[in-house]
Amino acid sequence: MSRSRTVLVAGAGIGGLASAIALANGGFRVLVFERNYKPDTSGAGIQLSPNATRALKNLGVLELNPRAVEPSELVVANAISRALLAKMPLGSTMREKFGAPYLVCLRADLHDALAKTANDHPDIEMRYGSMITDFASHSRGVTAQIEYDRRAEEIQGAALIGADGIRSQIRARLHPGSGPRHGGMSAWRATIPAASLPEELRGRNEVFVWLGPGAHLVHYPVGDGSEVNLVAVTMDRQQTESWGEEAATADVVSRFAQWNETPRKVLRAARQFRRWSLYEAPLVSSWGKGAVTLLGDAAHGMFPFLAQGAASALEDAVALGEKTKDAEDMPAALRAYERIRLPRTREMQSAARNIGRIYHLPMPFSFGRDLVMERIGGQGLLLQNEWIYRG
Ligand SMILES: Cc1cc2nc3c(=O)[nH]c(=O)nc-3n(C[C@H](O)[C@H](O)[C@H](O)COP(=O)(O)OP(=O)(O)OC[C@H]3O[C@@H](n4cnc5c(N)ncnc54)[C@H](O)[C@@H]3O)c2cc1C
């Protein structure tokens with residue numbers, strides 16, 4: 001196939017794999033370059049709201065559902081008083097209202113489902129252990145420098161998609177000085193056996209969100225429901241070099257000293273945690289230039305409080321596939337993709353930042369937050385999130 005129908009993708013994360021599938025479904029040959037030698041499936045669990053599961057269906061990724069759990073509700077509670085603040089219905093309400101389910105699963109299962117679809121596609125070639133180190137956009141498309149096994153190669157394509165994550169090198173080349181901004185927070189992630197939950201939480205098929213001053217904890221069942229994924233977020237100035245650095249349970253639990261015994265028991269059930277420093281990508285007025293664009297965290301890395309980072313990468317992929325299908329002018333098609341994705345993802349970044357502030361309000365402001373949450377209840381939360389789930 002000619003280079004005019006070949007697209008290069010940097011990164012085989014959720015965004016890179018999804019965009020490769022979308023582009024290949026649109027008739028392109030796709031080369032995916034991933035610097036790691038094998039897929040990175042770290043990161044415990046992931047919530048997939050209806051906009052994400054709709055995008056997966058659109059991409060033809062259907063193997064996820066058997067390994068995902070469909071929770072019945074999202075329960076928000078105060079982590080100190082243990083007071084229940086709101087219960088947002090998930091399950092059939094989501095399917096009926098938004099035409100797609102709200103699922104939770106292991107990130108590895110989502111990654112596997114995408115990787116399997118990509119591997120089975122005759123027009124997608126995966127190149128693990130290969131890194132895109134530089135590129136030049138020109139009138140005939142793009143030329144990328146690839147490094148693998150201490151060798152270098154130049155590869156031509158009609159376009160380059162920078163799906164290389166929050167520390168994207170493609171973004172750094174396109175927009176010097178726009179590197180990720182540390183949010184002064186860390187996420188502590190772990191997976192625990194469901195049987196080790198405190199008795200009052202055992203056997204409940206719900207997403208739980210516990211809110212405390214400067215911290216919150218989210219947990220939900222994953223796998224076949226026999227495991228529970230924990231994500232605890234605290235204020236934390238320390239930035240970790242690598243993602244997923246190990247952290248001792250006692251260190252993490254000590255950060256929640258004022259909390260009620262129930263959520264503390266959940267935290268204590270972990271054998272160890274992994275720590276993620278939280279970053280967001282600063283806004284840029286346009287993601288790409290010429291035959292190059294950005295996608296996923298490279299474009300709009302956001303704080304995880306709305307659980308929309310991977311969801312928006314999946315939405316990006318679908319939009320990229322639609323705008324480039326049958327395109328004669330690739331740069332114009334990429335700008336059209338950016339024009340439809342930039343406003344929505346900007347709103348998501350901002351909403352995620354705001355919800356983080358609300359979650360972490362100190363006393364006495366948290367009393368006001370709790371009152372509002374109790375008053376609007378789960379239906380009110382659903383209404384606030386409709387713009388996200390409708391896609
Ligand atoms: C604590 C936490 C909880 C979260 N929970 C949710 C959730 O519930 N729901 C949700 O939707 N999202 C969630 N997210 C967000 C989600 O995980 C990310 O938004 C998503 O994984 C981003 O995918 P990506 O493909 O853009 O980037 P990445 O997953 O970072 O993938 C980038 C890939 O590019 C590769 N790479 C980098 N540079 C190069 C290069 N030069 N050449 C080749 N390859 C390269 C990397 O090795 C990597 O494999 C959460 C995030 C965190 C931190």
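All values reported here derive from a predicted model rather than from experimental measurement. Note that ligands are numbered from 1 as they come in the structure, with each ligand's atoms numbered from 1 the same way.
Classification of the Phe98-Tyr389 ring pair by plane angle, with boundaries at 30° and 60°, yields perpendicular. Ring geometry for Tyr279 versus His182: interplanar angle of 30 to 60°, hence tilted. Between His360 and His216, the angle of the ring planes lies from 30° to 60°, which puts this pair in the tilted group.
Other residues sharing the hydrophobic cluster of Ile358, ordered by chain and number and joined by side-chain separations under 4.5 Å: none, the residue standing alone.
Heavy-atom proximity to Gln308, at under 4.0 Å, picks out these atoms of ligand 1: 10 (C), 11 (O). Each of the atoms 1 (C) of ligand 1 lies under 4.0 Å from some heavy atom of Ala187. Residue Ser130 approaches ligand 1 through these ligand atoms, each under 4.0 Å from one of its heavy atoms: 43 (C). Those atoms of ligand 1 with a heavy atom of Phe33 less than 4.0 angstrom away are 43 (C), 44 (N). Within ligand 1, the atoms closer than 4.0 Å to a non-hydrogen atom of Gly296 are 26 (O), numbered from 1 in the order shown.
In terms of polar-atom proximity, Leu278 is not counted as a contact of ligand 1, lacking any N or O under 3.5 Å from an N or O of the ligand. Residue Gly15 places at least one N or O, backbone or side chain, under 3.5 Å from an N or O of ligand 1. Annotation: Ala311 places an N or O atom under 3.5 Å from an N or O atom of ligand 1; distance criterion only. Residue Tyr220 places no N or O, backbone or side chain, under 3.5 Å from any N or O of ligand 1. For a threshold of 3.5 Å applied to N or O pairs, the pair formed by Ile46 and ligand 1 contains no separation below that value. Taking only nitrogen or oxygen atoms, main chain and side chain alike, Arg107 reaches within less than 3.5 Å of ligand 1.
Listed for the Asp236 side chain is no donor-acceptor partner under 3.5 Å among the backbone atoms of Ser186.
Nearest heavy-atom pair across Arg390 and Lys97 is NH1-O, 3.4 Å.
No side-chain N or O of Gln272 forms a donor-acceptor pair with one of Thr249 less than 3.5 Å apart.
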